[in-house]
Amino acid sequence: MFHVKHPGRTMINYSSKQLLEKYINMSQLDIYLDLVEKANRSFNLFSRNLERDDLMQIIADSLIPVKLGWIKNDDTILDIGSGWGIPSIPFLLAISKLEITLAERSNKKADFLALALNRLGLEADIRNCDLSQISNKNNYSLVVSRRISLDGKIFPDIKKLASQNTRLIHYGLNFPADLYNLVQMIDYKLDNSSLKRITLAEI
């Protein structure tokens, strides 16, 4: 990993192999990948035709906030649109005692998440419903989103689930800074990929 300075921002280059080897037990990673590939043969778990190396890179990408120190051991996390468990299952594989709620509207994907957590010996709360149906009693300290548009339509639902000091981690180039209080924005590349961005904000 090395840093390239830009005005007001730092470009970081990461290695998928190094991230995975540092944070995840390889036998658990193999179990997870086998489950993902088997499920995707049965139904459309993810939209693109991804090879095993692609899946490993996505899992490594999920670990960037762990590497940056943005994930705290005592965080209560809400993962919006969990899909096949990204980024929360990699979080749990790296930091097993996190308290995480996986919000996923698709019945089949929610069933997959339950299976994967069981096989990996991990614990998380799965909510098979819309974000608007989730109660705010958990007082989430951290909300994470990947491939979810954080526009004004979803903002009220996120806001009602936040406590006074709730942070937000967003994977993606498009971040609505007018809605959230920006803390840090990191541009990076993973294995010399195209430009990626991850943002830490306060809700």
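Quantities reported herein were computed from a predicted structural model and do not represent experimental measurements.
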More than 12 heavy atoms of other groups within 6.0 Å of [X] [atom1]:
| X | atom1 | value |
| --- | --- | --- |
| K160 | NZ | yes |
| Q184 | CD | yes |
| D151 | CG | yes |

Answer yes or no: is there a side-chain heavy-atom contact under 4.5 Å between [X] and [Y]?
| X | Y | answer |
| --- | --- | --- |
| I64 | L19 | yes |
| I31 | L29 | no |
| E202 | L168 | no |
| N181 | I203 | no |
| L150 | N174 | no |
| Y32 | I59 | yes |

Determine, step by step, whether L20 and M26 satisfy the side-chain contact (heavy atoms from CB on, under 4.5 Å) criterion, reporting the C-alpha distance in whole Å, the side-chain angles of both residues, the deciding distance to 0.1 Å, and the verdict. CA-CA 8 Å; L20 293 172; M26 290 297 107; 3.9 Å; yes
Could you give the distance from [atom1] ([X]) to [atom2] ([Y]), rounded to the nearest 0.5 Å?
| X | Y | atom1 | atom2 | result |
| --- | --- | --- | --- | --- |
| D187 | L195 | CG | CG | 4.5 Å |
| I80 | L78 | CD1 | CG | 5.5 Å |
| K159 | T166 | NZ | OG1 | 8.5 Å |
| L35 | L113 | CG | CG | 11.0 Å |
| K189 | S194 | NZ | OG | 8.0 Å |
| N40 | K38 | CG | NZ | 13.5 Å |

If we count only N and O atoms by modelled type, under 3.5 Å, do the side chains of [X] and [Y] hold a donor and an acceptor together?
| X | Y | answer |
| --- | --- | --- |
| D130 | S132 | no |
| D30 | S27 | no |
| H170 | S145 | yes |

Give a yes or no on whether the backbone of [Y] and the side-chain of [X] come within a donor-acceptor separation of less than 3.5 Å.
| X | Y | answer |
| --- | --- | --- |
| E104 | G83 | yes |
| R167 | W70 | yes |
| D157 | L131 | no |

Tell me the salt bridge (charged side-chain N to carboxylate O under 4.0 Å, His left out) pairs involving residues 171-183, sequence neighbours left out? none
Is R52 salt-bridged to E37, going by a charged N under 4.0 Å from an acidic O? yes
Stepwise, does the side-chain contact (heavy atoms from CB on, under 4.5 Å) test hold for N139 with T76? CA-CA 8 Å; N139 293 319; T76 302; over 6 Å; no
Tell me every residue that passes ring-ring contact (aromatic ring centres under 6.0 Å, His included) with F155, counting only those two or more places apart in sequence or in another chain. Y180
Would S88 and D79 satisfy side chain to side chain donor-acceptor pair (under 3.5 Å), going step by step from the backbone distance to the final call? CA-CA 7 Å; S88 284; D79 180 4; 2.9 Å; yes
Take Y23 and K67 through the side-chain contact (heavy atoms from CB on, under 4.5 Å) test and state the conclusion after the steps. CA-CA 9 Å; Y23 294 108; K67 176 69 175 176; 3.5 Å; yes
Could you walk me through whether S193 and D191 pass the side chain to side chain donor-acceptor pair (under 3.5 Å) test, one step at a time? CA-CA 5 Å; S193 66; D191 304 327; over 6 Å; no
Do the two ring centres, one from W84 and one from F112, sit under 6.0 Å apart? no
Where do [X] and [Y] come nearest, in terms of heavy atoms and distance?
| X | Y | result |
| --- | --- | --- |
| L45 | K109 | O-CE, 3.3 Å |
| Q57 | S16 | CG-OG, 3.5 Å |
| M56 | L33 | CG-CD1, 3.6 Å |
| F46 | N44 | O-OD1, 2.5 Å |
| S135 | L161 | O-CD2, 3.3 Å |
| K196 | L190 | CE-CB, 4.2 Å |

Assess the residue pair Y188 and D61 against the criterion (side chain to side chain donor-acceptor pair (under 3.5 Å)); give the C-alpha distance rounded to whole Å, side-chain angles, the decisive distance to 0.1 Å, and a yes or no. CA-CA 10 Å; Y188 66 97; D61 187 55; 2.5 Å; yes
Which atom pairs, donor and acceptor, lie under 3.5 Å between side-chain atoms of residues 89-101 and protein residues at least two apart or in another chain?
| unit_1 | atom_1 | unit_2 | atom_2 | d |
| --- | --- | --- | --- | --- |
| T101 | OG1 | Y140 | OH | 3.2 |

Please walk me through it: do V143 and I169 pass side-chain contact (heavy atoms from CB on, under 4.5 Å)? CA-CA 6 Å; V143 175; I169 293 175; over 6 Å; no
